[in-house]
Amino acid sequence: MTYGCDTSFLMRILTNHPKPLSLKVIETAYKRVLEGCVFEISDTTLSEAYYALQASYGVSKADALLLLRKISGAKGFAVSDHARDVLALPNLERARPGFVDRLIHGGYLADNKTTVACEKSFRRLPLTEVLP
């Protein structure tokens, strides 16, 4: 069986907070992974977790990305192919366009769609149109 992870579920695993709920989530996830289940993490959930780690938990961009890389590579967890590609980019915490913009672009690119943006940094990406 495949489950879709909500941000609240993912944040309990990433932060271990609050402790009682976190332990329940981790225990449940562990048992289900042992049973062969997969927890799919959507691009939206990755984006929300990335910002929540920084805004609510004071985690740096680099450390937030490290946590997302670790969970995306963990047994029983899955992310989209383009999210995996974006997370593999070096120096992603300083990249322009940044992590979330690259996830958005990757989703459209996977569907062979052109991304329309107003940020000049998008010119670095294929199949984009940047409006002045």
Side-chain angles (χ1 to χ4, degrees):
M1 177 173 225
T2 300
Y3 294 92
C5 289
D6 176 65
T7 307
S8 62
F9 180 87
L10 181 60
M11 292 302 292
R12 303 299 68 85
I13 294 170
L14 296 175
T15 66
N16 205 23
H17 182 80
K19 194 77 159 175
L21 181 56
S22 178
L23 290 173
K24 179 68 174 170
V25 167
I26 291 168
E27 177 184 318
T28 299
Y30 181 74
K31 285 180 181 177
R32 292 191 183 167
V33 167
L34 287 178
E35 294 167 356
C37 296
V38 174
F39 292 90
E40 187 175 306
I41 308 169
S42 72
D43 291 359
T44 302
T45 300
L46 286 172
S47 299
E48 286 184 343
Y50 175 68
Y51 284 120
L53 286 165
Q54 294 171 70
S56 299
Y57 294 90
V59 175
S60 70
K61 284 183 180 185
D63 287 342
L65 290 166
L66 179 62
L67 287 169
L68 296 178
R69 284 182 183 110
K70 284 182 177 180
I71 195 76
S72 71
K75 179 181 178 168
F77 289 86
V79 297
S80 66
D81 290 340
H82 65 270
R84 186 174 312 287
D85 292 345
V86 171
L87 284 166
L89 292 171
N91 304 311
L92 184 56
E93 66 276 6
R94 293 187 301 274
R96 302 293 294 164
F99 172 62
V100 174
D101 286 338
R102 288 174 185 266
L103 281 182
I104 293 166
H105 173 262
Y108 292 131
L109 194 59
D111 291 336
N112 201 31
K113 295 177 181 169
T114 298
T115 302
V116 180
C118 295
E119 295 179 41
K120 292 178 184 176
S121 62
F122 269 83
R123 290 185 179 132
R124 297 181 180 127
L125 303 175
L127 276 176
T128 61
E129 181 181 336
V130 179
L131 302 177

Do you know the tightest heavy-atom contact between [X] and [Y]?
X	Y	answer
Asp63	Ser60	N-OG, 3.1 Å
Thr114	Glu129	CG2-N, 3.9 Å
Ile71	Phe77	O-CB, 3.2 Å
Ala64	Gln54	CB-CG, 4.4 Å
Thr115	His105	OG1-CD2, 3.4 Å
Cys5	Thr45	O-OG1, 3.0 Å

Over 12 non-hydrogen atoms of neighbours within 6.0 angstrom of OH in Tyr57 = yes
Within a reach of under 6.0 Å around CG of Asn112, are more than 12 heavy atoms found that belong to other residues, nucleotides or ligands?
-> no
From CA spacing to verdict: side-chain contact (heavy atoms from CB on, under 4.5 Å), Leu46, Leu103 | CA-CA 9 Å; Leu46 286 172; Leu103 281 182; 4.2 Å; yes
If you measure from [atom1] on [X] to [atom2] on [Y], what distance do you get to the nearest 0.5 Å?
X	Y	atom1	atom2	value
Arg102	Asp43	CZ	CG	14.0 Å
Asp6	Ser42	CG	OG	8.5 Å
Tyr51	Lys61	OH	NZ	7.0 Å

[Y] backbone acceptor or donor facing [X] side chain under 3.5 Å:
X	Y	answer
Ser72	Val79	no
Thr128	Phe122	yes
Arg32	Val38	no
His82	Tyr108	no

Side chains of [X] and [Y]: closer than 4.5 Å at any heavy-atom pair?
X	Y	value
Leu68	Leu14	yes
Met11	Leu53	yes
Ile26	Ile13	yes

When hydrophobic residues are tied together by side-chain contacts of less than 4.5 Å, even through go-betweens, does [X] share a cluster with [Y]?
X	Y	result
Leu125	Val130	yes
Val25	Leu34	no
Ile104	Leu109	no
Leu10	Leu21	yes

Under the side-chain contact (heavy atoms from CB on, under 4.5 Å) rule, what do Leu65 and Leu87 come out as? Steps first, then yes or no, please.
-> CA-CA 7 Å; Leu65 290 166; Leu87 284 166; 4.2 Å; yes
Please table the atom pairs, donor to acceptor, closer than 3.5 Å between any side-chain atom in residues 89-101 and protein atoms at least two apart or in another chain.
unit_1: Asn91; atom_1: OD1; unit_2: Arg94; atom_2: NH2; d: 2.8

Taking only residues two or more places apart in sequence, or in another chain, which ones meet Ser22 in a side-chain hydrogen bond (donor to acceptor under 3.5 Å, both in side chains)?
-> Asn16
Is there a salt bridge (Lys or Arg N to Asp or Glu O under 4.0 Å) between Lys31 and Glu27 once you walk through the steps?
-> CA-CA 6 Å; Lys31 285 180 181 177; Glu27 177 184 318; 3.3 Å; yes
Assess the pair Tyr3 and Phe9: is the distance between their ring centroids shorter than 6.0 Å?
-> no
